[in-house]
Amino acid sequence: MKIHPLVKEVLITTEEINQKCFELGQKISHYYLNEHPTQYNTILCLGLLKGCIPFMAKLITQLVGVECETEYMIVSSYFGGVKSNETPQILFDLPMLITNRDILLVEDIIDSGKTIKMIKYYLYIKGARSVKVVTLLDKKSGRKVDLVTDWYGFDVPPDFLIGFGLDYQERLRNLPYIAIIDQDKIKNWKWTTKR
Ligand code: IMP
Ligand code: MG
């Protein structure tokens with residue numbers, strides 16, 4: 001496989017992601033079927049755009065015995081750069097009522113935890129019955145607020161990561177693996193550079 005030139009190190013391969021999505025699908029389905037039955041046996045998978053797309057696409061195909069609706073919100077905190085902005089902002093809100101709904105929030109990565117903490121609070125205010133959180137990646141060392149994920153795929157180091165939904169300047173979300181970005185190379189990087 002051709003590795004992107006901005007990659008310093010591949011941390012998680014496509015195969016590892018696939019296997020993890022299968023395992024998470026099993027655990028989450030089991031939870032909603034046996035421990036937290038939902039109205040009409042249906043959950044609302046709420047993806048945070050844009051990073052959730054590859055993970056959510058794979059995860060929902062691994063749910064078994066549980067029906068799911070899908071919706072999305074856009075909450076911005078990084079604005080395409082590499083540093084977390086202080087206050088997350090809702091740029092695209094839910095288009096429907098969520099009163100009494102059981103919501104599964106789907107994230108690509110949790111770093112400071114501010115985004116998810118704010119959205120969880122917001123969803124409860126809007127009348128959600130329950131809000132659970134699944135994230136593919138958990139950067140626990142970056143946590144600035146008290147937030148525990150309900151399910152996560154992989155613990156990751158504090159480096160800036162790219163691929164499988166994670167962007168650098170809105171690009172590289174399409175890489176089929178998770179990688180550490182090469183900080184030296186991005187200093188002089190031009191997107192027109194060909195290799
Ligand atoms: P938090 O509010 O600090 O937890 O922000 C989480 C959001 O920041 C994620 O949904 C990502 O969009 C973004 N983010 C955090 N770490 C990284 C990273 O290493 N690469 C790309 N985006 C990241
Ligand atoms: Mg995100």
Here the salt bridge (Lys or Arg N to Asp or Glu O under 4.0 Å) pairs for residues 172-181, sequence neighbours left out, are D167-R173, E170-R173
Restricting to side chain to side chain contact (heavy atoms under 4.5 Å, CB included), what partner residues turn up for [X], sequence neighbours left out?
X: D155; value: D138, K140, Y152
X: E15; value: T13
X: M96; value: L44, E69, E71, L94, I98, R101
X: E35; value: H30, Y31

| task | For the pair Y168 and F160, name the ring-plane relationship: parallel under 30°, tilted 30 to 60°, perpendicular over 60°. | result | perpendicular
When you measure from the side chain of [X] to the backbone N and O of [Y], does any donor-acceptor pair fall under 3.5 Å?
X: K185; Y: P5; answer: yes
X: T99; Y: L97; answer: no
X: K20; Y: G153; answer: yes

Nearest 0.5 angstrom please: [X] [atom1] to [Y] [atom2], how far?
X: L172; Y: I162; atom1: CG; atom2: CD1; answer: 5.0 Å
X: S130; Y: Y32; atom1: OG; atom2: OH; answer: 5.0 Å
X: S141; Y: D111; atom1: OG; atom2: CG; answer: 7.5 Å
X: Y177; Y: T14; atom1: OH; atom2: OG1; answer: 9.0 Å
X: I3; Y: K8; atom1: CD1; atom2: NZ; answer: 15.0 Å
X: I180; Y: L11; atom1: CD1; atom2: CG; answer: 4.0 Å

Excluding sequence neighbours, so at least two apart, what forms side chain to side chain donor-acceptor pair (under 3.5 Å) with [X]?
X: E23; value: Q19
X: D182; value: none
X: D150; value: K132
X: T70; value: none

- Task: Go through I119 and L105 one step at a time and tell me if the side-chain contact (heavy atoms from CB on, under 4.5 Å) criterion holds.
- Result: CA-CA 9 Å; I119 298 302; L105 257 179; 3.9 Å; yes
Are [X] and [Y] packed together at the side-chain level, in the sense that at least one heavy-atom pair is separated by less than 4.5 angstrom?
X: V66; Y: T38; value: no
X: M1; Y: P176; value: yes
X: N174; Y: F164; value: no
X: I181; Y: I186; value: yes
X: K139; Y: I110; value: no
X: E16; Y: F154; value: yes
X: D93; Y: K126; value: yes
X: E67; Y: I43; value: no

Looking at every heavy atom in both [X] and [Y], which two are closest together, and how far apart are they?
X: D102; Y: H36; result: OD1-NE2, 2.7 Å
X: D108; Y: G165; result: OD2-O, 4.0 Å
X: E107; Y: I116; result: CG-CD1, 3.3 Å

Worked verdict on V134 versus T149 for side-chain contact (heavy atoms from CB on, under 4.5 Å) = CA-CA 6 Å; V134 59; T149 55; over 6 Å; no
Across all chains, not counting sequence neighbours, the ring pair (Phe, Tyr, Trp, His ring centres under 6.0 Å) partners of Y124 are none
Original post:
Checking side-chain contact (heavy atoms from CB on, under 4.5 Å) for the pair W151/I28: CA distance, chi angles, key distance, verdict?
Top reply: CA-CA 8 Å; W151 300 279; I28 293 169; 3.6 Å; yes
Using a 4.5 Å side-chain heavy-atom cut-off and chaining through intermediate ILVMFWY residues, the residues clustered with Y121 come out as I125
Solution key, residues 55-65 side-chain donor-acceptor pairs under 3.5 Å, sequence neighbours excluded:
unit_1, atom_1, unit_2, atom_2, d
K58, NZ, N18, OD1, 2.5
T61, OG1, K58, O, 2.7

Go through it in stages, so that I can follow the logic: the residues are V156 and L161, the test is side-chain contact (heavy atoms from CB on, under 4.5 Å), and I'd like the CA-CA distance, side-chain angles, deciding distance and then a yes or no.
CA-CA 9 Å; V156 287; L161 306 177; 3.7 Å; yes
Can [Y] be reached from [X] by stepping across I, L, V, M, F, W or Y side chains whose heavy atoms are under 4.5 Å apart?
X: L136; Y: F22; answer: no
X: V148; Y: V145; answer: no
X: Y40; Y: V131; answer: no

*Is the number of heavy atoms from other residues, nucleotides or ligands under 6.0 Å of N34 CG greater than 12?*
yes
